[in-house]
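Model, not experiment: these values are computed from the prediction. Naming convention: chains lettered A, B, ... in sequence-line order (proteins, then strands); numbering from 1 in each chain. The figures here come from the full heavy-atom set of this structure, side chains too, leaving out hydrogens, waters and symmetry mates.
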Amino acid sequence: MFFLMRTACCRVFLYPFLGKMTEVWAELSAYEGEFDLEKENCILISSGKNWMEQAAKDQLLAVSRLPGVVKAVGLPDLHPGRIPVGTAVLSRGVLYPHLLGNDIGCGMSLFDTGVKKKKFKQEKWVSRLEAVRELEDIPFSNPYEEECPIRDLGTLGGGNHFAEFQCVERIYDQEAAGSLGLCADRILLLVHCGSRGYGQEILSRFWVPEGLADGSEQAEAYMAEHDRALRWAVRNRRAAAQKLLAWLGGASEPELLMDSCHNYLERTKDGLLHRKGSVSASKGAVVIPGSRGSLTYVCIPREDTAVSLNSLSHGAGRKWARSICKSRIDQKYDRDSIRCTGLKSRVVCHDTNLLFAEAPEAYKNVEQVMGVLQEYGQRIGGSL
DNA sequence: ATGTAC
């Protein structure tokens, strides 16, 4: 299990608005001549400055051509995966379990720890966390009146999952910050994880290359399990926060300020909306974190986001494949320096490969991604 | 991203 703790000096911005996404701004020049953009159902929200791997664009295009797919959107953090990450895909008649992947319900929960900023002792918390090693080692009993399908409730898992203590760096809109319950003098806790092995197990049971016919018994059974995974993923994030605070001696319960899911299927009036690494722009404020060396943004999306299937990026997005990270930056760090960040935060993680795989260098610049989301509207205006 | 096998 990967347990990454970024302590102190991480900051939350409150962005007043995201750009008004009102026109298709495609950056698919690589495909010039290959298809007529006007007739394609594939949109990439990016800009010339926003570097994107060719493989990711190829994957997005392939997804957009699956039977039943009405529209496929790539967000500015799009990067290749088994299926491309940073996508929103609308289909009719067919449901594709693999388009949302194995970690069904994965998302971000932002909590107020109730701990005052001036009471925060970084070194003390770091030692305490290093002593426990893994969240699996902190016992937690299921408080819900439903059998828990997750083997270890309140654990983060691996990959890009993390728990991070943060505090507000800058507020752009005091009123909005107040209504969201963001307090500048408090330590916040951002938890990114999902349904662990449960989502994986669901995918393995329902995955078929041709997808599931909407309305079929299989599709209904998948949706029931999917909804259960979403429910338990939220509980898993909460349980992780509860365990952490209890372990660190926090007196109060973590208070949930915001929660968003970025791997899930939503039934909309237009069809089945598959989100893989993209978050809804229609459910209030969203948290968009960067890599562990950068800031996290709390954003209030604008209303007119139909062009991106009402979706936003869920983070900075990978720039380097996990497998190549260690060899690229191995020499740059020693045992201690890889565990510190440019924001003077500390990283607690016992898995060396994971520390390198999730290094800030492996990620895009989150400000770049935020810039595309914001600029997208500024340069366009008008209505869709 | 995951659990398990190598």
Side-chain angles (χ1 to χ4, degrees), chain A residues 1-6 53 55-56 59 63 75 77-89 96-109 133-137 148-164 190-207 222 225-226 228-237 239-240 259-265 274-279 289-292 313-326 347 349-359 362-364:
Chain A
M1 172 233 184
F2 168 42
F3 175 36
L4 175 65
M5 179 63 54
R6 303 182 239 176
E53 244 173 291
Q59 287 186 339
V63 164
L75 291 154
D77 60 330
L78 184 75
H79 55 282
R82 229 177 250 175
I83 64 128
V85 186
T87 54
V89 181
Y96 292 99
H98 72 280
L99 288 187
L100 42 141
N102 59 335
D103 196 2
I104 304 164
C106 188
M108 311 270 174
S109 293
R133 288 188 70 89
E134 311 280 5
L135 271 186
E136 274 86 344
D137 299 336
C148 179
I150 297 176
R151 194 176 62 182
D152 294 304
L153 188 63
T155 56
L156 301 172
N160 58 358
H161 291 173
F162 63 80
E164 176 175 62
L190 180 62
V191 177
H192 174 200
C193 62
S195 55
R196 305 295 320 273
Y198 180 46
Q200 168 84 31
E201 187 248 329
I202 297 171
L203 179 62
S204 68
R205 268 192 289 141
F206 288 93
W207 188 89
Y222 173 79
E225 294 269 28
H226 163 279
R228 187 166 176 235
L230 258 55
R231 198 159 62 239
W232 280 97
V234 177
R235 291 170 175 175
N236 189 39
R237 292 192 280 279
D259 179 83
S260 60
C261 176
H262 49 244
N263 294 348
Y264 71 111
L265 185 74
H274 306 68
R275 288 198 175 91
K276 170 66 182 173
S278 69
V279 59
S291 70
R292 69 180 182 236
S313 296
H314 79 311
R318 287 202 79 85
K319 196 167 68 184
W320 297 352
R322 290 193 167 93
S323 52
I324 57 140
C325 295
K326 191 154 192 313
V347 182
C349 173
H350 299 280
D351 181 334
T352 308
N353 278 326
L354 203 43
L355 269 171
F356 281 95
E358 299 302 318
Y363 280 83
K364 277 190 186 178

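- A search for salt bridge (Lys or Arg N to Asp or Glu O under 4.0 Å) contacts involving A:E53 returns nothing, not counting sequence neighbours.
- Backbone-only contact: A:D103 has heavy atoms under 4.0 Å from sugar-phosphate atoms and none from a base.
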So which protein N/O to nucleotides 3-6 of chain B N/O distances come out below 3.5 Å?
| residue | atom | partner | partner atom | Å |
| --- | --- | --- | --- | --- |
| B:dG3 | OP1 | A:G197 | N | 3.3 |
| B:dG3 | OP2 | A:R196 | NH2 | 2.7 |
| B:dT4 | OP2 | A:R151 | NH1 | 3.3 |

Side-chain donor/acceptor pairs under 3.5 Å, residues 81-88 of chain A, sequence neighbours excluded:
| residue | atom | partner | partner atom | Å |
| --- | --- | --- | --- | --- |
| A:T87 | OG1 | A:P84 | O | 3.3 |

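- Atom CD1 in A:I202 sits about 13 Å away from atom C1' in B:dT2, given to the nearest Å.
- A:H274 is linked by a side-chain hydrogen bond (donor to acceptor under 3.5 Å, both in side chains) to nothing, counting only residues two or more places apart in sequence or in another chain.
- A search for ring pair (Phe, Tyr, Trp, His ring centres under 6.0 Å) contacts involving A:F356 returns nothing, not counting sequence neighbours.
- Judged as a side-chain hydrogen bond (donor to acceptor under 3.5 Å, both in side chains), and not counting sequence neighbours, A:H226 has no contacts.
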